Amino acid sequence: MPVAKPEASDSRVIAHIDMDCFYVQVEQRKHPQLRGLPTAVVQYNSWKGGGLIAVSYEARNYGVKRSMRGDEAKEVCPEIQLVQVPVARGKADLNTYREAGSQVVSILARRGRCERSSIDEVYLDLTDAAERMLTETSPHSLETIIEEALKSHVLGITSREDGIDVKEKVREWLCKSDADRRDKLLACGVLIVADLRMQVLQETQFTCSAGIAHNKMLAKLASAMNKPAQQTAVPFSSVKGLLESFPIKKMKQLGGKLGSSLQTDLGVNTVGDLWQFSEGKLQERYGINTGWLFIVILHSI
DNA sequence: CATGGCTACGCT
DNA sequence: AGCGTAGC
């Protein structure tokens, strides 16, 4: 997938798939007795019990963090199961995880073009599949909407106090016949991703979380919003509200020195602050080549 | 010694 | 090719 080419109205449907505590899931598949137990994967366990590189959600509930050593984790959660990462030639060997990731990618690739962004993360371009679905079935017949899709989070679809009719509201949103074309495409994306996540679970036993949006940046943000084993969609109409108070340092590519310089040099702390600057000014300061990043951000609204 | 090691990417 | 940055 080529770098996001920002257009005035981006109608692509992009999903970001993020495997939940992936190394742990791979080990739990290999050792089923670990399922449901607080578990972490460690490397180099000779010093203070080794460094944690993946932590199950059960263990996170005890306060176990990825930055901990094995010994610290045992203090917080004495019953934690520590699994050693395989070692080859004295080094951590991540090949089994890489292969497990490939298995997931081969399933996702049935519906769109995949771009692996890390060992456990994939971007998926579902534009064509969504457009096809839209021309074939519009509006969606209620009975074809799978339960998993109804559990989606859709930014801007607010849960009521009792939260009892959230699913009903999501159903309405998914079926809305007079919706914006982009909303309809996004709704198709939501259905496709729900279906794919079920296939992944069935065929690999792995759960994942997903974000569905009109570009990679927003899809990535969305996939982290509701974890584990959930999916979140970002309709165009909710982008501005989502981004304007969003900390710039948490944006991909801006977690390091570039983000720091935005804060100290320009006083930019949120994406909303960034909107006060023109593309020209930003490119003038940071160069034409870094400027494309800002343009993607600015064109998301 | 004590997040290390690894990868991908952009810049020069 | 080699370096710096970023993030897993």
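Quantities reported herein were computed from a predicted structural model and do not represent experimental measurements.
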> When all nucleic acid strands are considered with a 4.0 Å heavy-atom cut-off, which category describes A:Lys252: base, sugar-phosphate, or nothing?
Replying inline: sugar-phosphate
> So, A:Thr264 side chain and A:Ser260 main chain: donor-acceptor pair closer than 3.5 Å or not?
Replying inline: yes
>> Closer than 4.0 angstrom, basic N to acidic O: yes or no for A:Lys151 and A:Glu148?
In response: yes
>> Taking B:dT3 as the reference, what is the distance to C:dA6 when you measure between their C1' atoms (whole Å, please)?
In response: 15 Å
>> Mind checking if A:Leu254 touches a base, just sugar-phosphate, or nothing, with heavy atoms under 4.0 Å?
In response: sugar-phosphate
>> Strictly distance-based, threshold 3.5 Å: is any side-chain N or O of A:Gln230 a donor or acceptor partner for the main-chain N or O of A:Pro228?
In response: yes
N/O contacts under 3.5 Å, protein versus nucleotides 3-6 of chain B?
| from | atom 1 | to | atom 2 | distance (Å) |
| --- | --- | --- | --- | --- |
| B:dC6 | OP1 | A:Lys91 | NZ | 3.1 |

>> Quick check: closest heavy atoms across A:Gln28 and A:Leu37, and the distance to 0.1 Å?
In response: NE2-O, 3.8 Å
> Would you call A:Arg12 and A:Asp10 a salt bridge, taking side-chain N to carboxylate O under 4.0 Å as the test?
Replying inline: yes
> When you list every nucleotide of DNA chain C with an atom under 4.0 Å from a heavy atom of chain A, which one comes first 5' to 3', and which comes last?
Replying inline: C:dT5 to C:dC8
>> Any carboxylate oxygen within less than 4.0 angstrom of a Lys/Arg side-chain nitrogen, looking at A:Lys227 and A:Asp18?
In response: yes
> Just checking A:Met251: base, sugar-phosphate only, or nothing, at a heavy-atom cut-off of under 4.0 Å?
Replying inline: sugar-phosphate
>> What I want to find out is whether A:Glu72 reaches A:Lys65 closely enough, with some N-O distance under 4.0 Å, to be called a salt bridge.
In response: no
> For A:Tyr123 and B:dA8, what is the distance between atoms OH and P respectively, to the nearest whole Å?
Replying inline: 15 Å
> Does the side chain of A:Ser209 pick up a donor-acceptor pair with the side chain of A:Asn226 at under 3.5 Å?
Replying inline: no
